[in-house]
> 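Can you keep this structure in mind? I'll have questions shortly.
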Amino acid sequence: MSTDANIQTIACKPYDDQRPGTAGLRKKVTVFQQPHYLETFLEAIFRTVAIEPGASLVVGGDGRYLNSESIQVIARMAAAHGVGQIITGRDGLLSTPAASNLIRERRAAGGLLLTASHNPGGPNGDFGVKFNTATGGQAPESLTEAIFTASQDITSYRIADLPNLELSRLGTQECGSFAIEVVDSPAHYAGVMERLFDFERMADWLRAGHRICFDALHAVTGPYALEILCRRLGAPTDAVLHAEPLPDFGGFHPDPNPVDAVHLAELAQSPNAPDLIAASDGDGDRNMILGPGLMISPGDSVAVMLAHANKLPGYKDGVPGVARSMPTSRALDAVAVSLGIPCYETPTGWRFFCNLLEADMIGLCGEESFGTGSSHTREKDGLWAVLFWLNLLAAENRSVGEIVATHWREFGRHYYQRQDFFIEDASRATALVEALRESLPGLPGQRVADGSIETADEFCYTDPVDNSESRQQGFRIGFGDGSRVVYRLSGTGTSGATLRVYLERFAADPATHQEPVTEFLAPIATRAAQLAHIEKFTGLSAPTAII
Ligand code: G1P
Ligand code: ZN
């Protein structure tokens, strides 16, 4: 802003609940609608981050309820805090990976991403704000903690008096020394994908009669999928389902998993299933990949990607290393061993990959929660994963099922499942965790159900780049037969507590590669339930969701 004349200082009261979780501050829309709630949190960010005068900030979101009005508030507060320019997408829409990429390419000071990811939207749903740094990656814990601390002392915030910005018009609008630039994000993102994948080959594959079905679940990826799959690769427009972003996601729970997107699991089982079926979540960073007759578990997906990466243009020289979050299956480790590259084990949450990516220590990484990504951006990337698989199918000219079966024959199969227990009374979850923590030292050598426990620890991560330590990142129980159970509490919920129990069982023998997952893992599930006394602590005799 040219003068201070149009900057106001508004008095407010601090809120005590603005501690960001696994991925930013996520709350019910009604919480964000409290007086000055958003402004207080933004003020805490601006005071903590101290953006250089005149710098750019990328701002955009997944289109959920409160998206556009929040962008107007951010613009006015950014102007008051000396930001020179904000860059956003048409209608204020930016997928999380596209925003991350834009921050890097435009050398912005950082980004404010408005999303609650896969949580439902609409007036009764969730909203969220996430700060990404100039690297394009999520703010590290030290920064989010500093923001939280700052938020507790906010008694006023600064905001400029700006006219409402036109978010639907591409180009730059100037207001004194402050400007907003609205970019064609799908076109820009498509350009990034063209540098990584063989578009001609994919288009040929589609022209040859192969079919893809991508479900945008009325969330942010619709315009990106139309641009890439339909306009650039020539798929028919009905290959993209629910393409229009809506504030309430059209009532969908925009989480690409077999429970919330059961219609896609059913489509995969139908006689007329397309060759590739896929979906992404609210903000476009998650992915689900299915082929005729099967869904690929995310742990298998990233392992298969690594095994074939050098067949794709962007990865032809291989990758220096890979990483997976601790609860993710060890299928990736097996491929990394065969390639002689390191596989890092990080805590849950994408931000832990960022240092490794930034230091070029890894080129590919993934989480069991349907998140996969590479060094092209600093967030996981849903459509990128879909294009990776599409390019792979076109390059191999084999079906999803054939590629996966061959992979298991070579590396063995890591059967995998996650059980979620939603516990209304969060104190019951805390009690379970505390009891488990206390029992850990005595567990090795003991038996539970049909399993003998070999190892038991609480995961503590030391970041190999900056040596920061993250403690209490979940419990790992290893059994003599090579199977594993992991427990941790979710850090993204907006009410109660969710206990996540991760089950893994390795099967080397190809004769055991086509078993139903739940049945094959049933003995491990029994061990998990007994070991943590899940029913006693939570009152739940069965998981709320099996993913
Ligand atoms: C969940 C997933 C985690 C992912 C995060 C953000 O976090 O488990 O892998 O990084 O969402 O998408 P959680 O609720 O388990 O803390
Ligand atoms: Zn997401």
Side-chain angles (χ1 to χ4, degrees), residues 19-26 60-64 94-100 113-121 126-130 132 137-139 141 144 216-217 219-221 224 249 252-257 260-261 279-288 297-299 302 323-329 345-354 365-373 377-385 416-423 426 429 433 459 470 472-474 486-502 544-545 547:
R19 171 176 264 134
T22 311
L25 183 69
R26 273 186 208 172
D62 59 17
R64 68 179 58 229
L94 286 178
S95 80
T96 290
S100 171
L113 280 58
L114 308 176
T115 172
S117 186
H118 49 285
N119 295 8
D126 292 343
F127 187 70
V129 180
K130 191 164 91 161
N132 282 32
Q138 295 173 26
E141 215 169 334
T144 54
L217 302 170
V220 79
T221 48
Y224 294 86
F249 304 126
F252 277 112
H253 183 171
D255 198 0
N257 67 58
D260 296 300
S280 190
D281 70 330
D283 62 330
D285 58 359
R286 295 186 172 198
N287 73 87
M288 178 167 72
S297 87
V302 67
R324 60 163 174 81
S325 69
M326 182 274 280
T328 302
S329 96
E345 185 174 42
T346 58
T348 294
W350 201 260
R351 63 179 174 213
F352 292 100
F353 295 134
C354 291
C365 44
E367 292 193 279
E368 53 66 42
S369 53
F370 298 82
T372 330
T377 190
R378 291 294 176 268
E379 293 274 7
K380 55 192 176 233
D381 193 342
L383 259 177
W384 164 88
Y416 191 83
Q417 194 168 70
R418 189 180 92 201
Q419 301 186 333
D420 286 347
F421 296 81
F422 178 70
I423 306 157
V433 163
F459 183 51
S470 304
Q472 303 193 335
Q473 297 297 324
V486 169
Y487 305 89
R488 59 178 284 282
L489 293 183
S490 157
T492 55
T494 50
S495 66
T498 299
L499 170 70
R500 302 206 195 278
V501 181
Y502 308 84
T544 325
I547 308 258

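Note that ligands are numbered from 1 as they come in the structure, with each ligand's atoms numbered from 1 the same way. Numbers here are sequence positions counted from 1.
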> Should W384 and N287 count as side-chain neighbours, where that means a heavy-atom distance under 4.5 Å?
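In short, these two side chains do not touch, never coming nearer than 4.5 Å.
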> For the Zn ion (ligand 2), give me the closest N/O/S atom belonging to D281, just the atom name.
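In D281, the N, O or S atom with the shortest distance to the Zn ion (ligand 2) is OD2.
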> Decide whether the shortest distance between a heavy atom of G371 and an atom of ligand 1 is less than 4.0 Å.
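Distance cut 4.0 Å: G371 fails for ligand 1.
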> Checking side-chain hydrogen bond (donor to acceptor under 3.5 Å, both in side chains) against N132, which of R378, Q138, E379 comes through?
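Only one option passes, and that is E379.
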> Name of the D285 N, O or S atom nearest the Zn ion (ligand 2)?
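Atom name returned: OD1.
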> For atom 12 (O) of ligand 1, which of the options R418, R488, K380, E367 provides the nearest non-hydrogen atom?
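Going through R418, R488, K380, E367 one by one, K380 has the nearest heavy atom to atom 12 (O) of ligand 1.
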> Which ligand 1 atoms does T348 reach within 4.0 Å, using its non-hydrogen atoms?
3 (C), 8 (O), 9 (O)
> In terms of side-chain heavy atoms, does S117 have a donor or acceptor partner in D281 at a distance below 3.5 Å?
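Distance-only check passes for S117 and D281.
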> What's the atom name of the N, O or S in D283 nearest to the Zn ion (ligand 2)?
OD1
> Does the side chain of Y502 come within less than 4.5 Å of S329's, by heavy atoms?
no
> Which of the numbered atoms in ligand 1 are below 4.0 angstrom from a heavy atom of G349?
10 (O)
> Are any side-chain N or O atoms of T221 and backbone N or O atoms of Y224, one a donor and one an acceptor, separated by less than 3.5 Å?
no
> State, to 0.1 Å, how close P254 and A219 come at their nearest heavy-atom pair, and which atoms those are.
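Shortest heavy-atom separation between P254 and A219 comes out as CB-CB, 4.5 Å.
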> Using heavy-atom distances only, which candidate in M326, E379, R286, E368 approaches atom 1 (C) of ligand 1 most closely?
R286
> Taking both backbone and side chain into account, is any N, O or S atom of T115 nearer than 2.8 Å to the Zn ion (ligand 2)?
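So T115 does not count as coordinating the Zn ion (ligand 2).
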> Looking only at distances, please establish whether an N/O atom of ligand 1 is found under 3.5 Å from an N/O atom of G491.
yes
> Under 4.0 Å from a heavy atom of R500: give me the atoms of ligand 1 that qualify, with their elements.
8 (O), 13 (P), 14 (O), 15 (O)
> Just to be sure I read this right, does ligand 1 sit under 4.0 Å from the backbone of S369, its side chain, both, or neither, counting only heavy atoms?
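The answer is the side chain.
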> I want to check something: taking the side chain as every heavy atom from C-beta on, are R324 and E345 in contact at a cut-off of under 4.5 Å?
yes
> For a 4.5 angstrom cut-off between non-hydrogen side-chain atoms, does E141 reach F352?
yes
> Tell me the closest heavy-atom pair linking E368 and Y416, and the distance in Å.
CG-OH, 3.3 Å
> Looking at the Zn ion (ligand 2), is there an N, O or S atom belonging to D62 that lies under 2.8 Å away from it?
no
